[in-house]
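For reference, the structure discussed in these notes is given below.
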There are 2 protein chains.
Amino acid sequence: MNRFGIIGFGRFGQLAARHLRDYFDVIVTDARDIAEDAARVGVRTAALAEVAGCDTVMLAVPVQALEHTLADIASHVRPGALVIDVASVKMLPARWMTEALPASVDIVATHPLFGPQSARRGLAAQPLVICPVRGEAHHRVAEFGRKLGLKVSVTTPEEHDREMAYVQALTHLIGRTLVNIRIPDEELKTDSYQHLLELCALIGDDSEELFFAIQNLNPFAQEITQQFIGQANGLLERSLKAGNRSVAAEA
Amino acid sequence: MNRFGIIGFGRFGQLAARHLRDYFDVIVTDARDIAEDAARVGVRTAALAEVAGCDTVMLAVPVQALEHTLADIASHVRPGALVIDVASVKMLPARWMTEALPASVDIVATHPLFGPQSARRGLAAQPLVICPVRGEAHHRVAEFGRKLGLKVSVTTPEEHDREMAYVQALTHLIGRTLVNIRIPDEELKTDSYQHLLELCALIGDDSEELFFAIQNLNPFAQEITQQFIGQANGLLERSLKAGNRSVAAEA
């Protein structure tokens, strides 16, 4: 059985291990003590060097730790191995992997657009984005993704990041803000408000680290989030002015 | 058959007429020419004075025009008649109706939390808020609402407006902003983003007038929308700072 190494055993690493353990000999590692988590998921832990020496290596560390992790594993990855990342942005990780890993190593950048919350009822039709970076291994990654029931898209890191400025940066800004101001589950509610409550439920458990990565490491994010805030402010200003006109007209 | 007058034949007035014409002799009026719209809906038009003289009078004008309309109809409303408004805020309309209408007239303030878009598949389970203002007619309004399949809640104008600061002012600020910046229907999308797209679809056709009313005429709205914008700005600032720390640590 092919050996599949997972570096980083947080929320996504654990979700991946659960779905991969039937197909591969999965071994995992993390900077923190993960003995208990690994036992619960039913996979073996090992030192970083051993995990980095697997046939396939998945980097599931926070994207902020990715460059550092790549420097640590570069000398342990075997020629012919496949390295995959799962970060929520793709331009920077694709560049970091290309620069850090030996030319003998295949590279596929991926973004699973789901997590433990959205995949709680299974992987069926959950989106997986695949960006070919080096070599031809992206074909078999796509094939395996489809075998798991995922909805696989193949695109470039740049096109991915452009779309994710809306799909993630803007969406998580709105959702995280609503979670922080604790919008109440009102008795009187509309279908529209229900969408906001469900957005909160979907992203409420996401880490602050992921939020910062989505905002900071996507080169297109800031333009879109600033556009949103600028437009919202403009709307409230126009609204206030309209209000004054209305009162004046009635007086 | 009881005569039911609808003053204001816009999107909501037309929706109401469609659902009421089987139960009442519905006559409608509006400042603009509504001959064609009335014919399409299958109701009769009449002058303001005649419509205001019906057994039940529904005020379906934009809330900004409500005070003015009340002044126009006050002398035409019959003793014992019932006057209902359907505005999206309730404290100001309840006060305006109480002040403008003769003591012999019953008053019920209502807020149907739906429109042509959300009720396109029928009224079943759509929310109707009822605020008793003067007299006991709210009981029969509630009964009739339930007969139509609506989910009826009875509350005070103040409690209504407090809840609607979230359910409407905040939700419409977010939705209208997303519509204005034209968030794209991306190929790669998440369940979370789908909620934003559906929010846009639900409120995209609402009038600017309604938006301004929801923001300006609800005394609790501004506090909540400002809290949202302040929190979103704070999040982006913290995010930028965290990003700089991360880059510094990697350098």
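Rounded to the nearest 0.5 Å, atoms CG (A/Leu199) and OG (B/Ser192) are 5.5 Å apart. Note that the OG atom of B/Ser153 and the NZ atom of A/Lys189 stand 11.0 Å from one another [nearest 0.5 Å]. If you take CG on B/Leu113 and CD on A/Glu186, they are separated by 11.0 Å, rounding to the nearest 0.5 Å.
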What verdict does the side-chain contact (heavy atoms from CB on, under 4.5 Å) test give for B/Leu235 and A/Phe211, after you've listed the backbone C-alpha separation in whole Å, the side-chain angles of each residue and the deciding distance to 0.1 Å? CA-CA 9 Å; B/Leu235 261 177; A/Phe211 180 83; 3.8 Å; yes
side-chain contact (heavy atoms from CB on, under 4.5 Å) between B/Glu187 and A/Thr155, worked out: CA-CA 11 Å; B/Glu187 196 193 342; A/Thr155 188; over 6 Å; no
Table please: side-chain donor-acceptor pairs of residues 168-184 of chain B below 3.5 Å, with sequence neighbours left out.
from     : atom 1 : to       : atom 2 : distance (Å)
B/Thr171 : OG1    : B/Tyr166 : O      : 3.0
B/Thr171 : OG1    : B/Val167 : O      : 3.0
B/Arg176 : NH2    : B/Ile203 : O      : 3.1
B/Arg176 : NH2    : B/Gly204 : O      : 3.4
B/Arg176 : NH2    : B/Asp206 : O      : 3.2
B/Thr177 : OG1    : B/Leu173 : O      : 2.6

Donor-acceptor list for residues 222-231 of chain A side chains, cut-off 3.5 Å, not counting sequence neighbours:
from     : atom 1 : to       : atom 2 : distance (Å)
A/Thr225 : OG1    : A/Ala221 : O      : 3.3
A/Thr225 : OG1    : A/Gln222 : O      : 3.2

Under 3.5 Å, which donor-acceptor pairs do the side chains of residues 120-132 of chain A form with other protein atoms, sequence neighbours left out?
from     : atom 1 : to       : atom 2 : distance (Å)
A/Arg120 : NH1    : A/Gln117 : O      : 2.6
A/Gln126 : NE2    : A/Ser118 : O      : 2.9

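Counting only heavy atoms from C-beta outward, the side chains of A/Leu188 and B/Glu159 never approach each other to under 4.5 Å. At least one side-chain heavy atom of B/Leu236 sits less than 4.5 Å from a side-chain heavy atom of A/Gln215. Two residues are said to be in side-chain contact when any heavy atoms from C-beta on lie closer than 4.5 Å; B/Glu208 and A/Arg238 meet this criterion.
Near-neighbour residues of residues 141-151 of chain A relative to chain B, defined by a heavy atom under 4.5 Å from a heavy atom of that chain, comprise A/Lys151.
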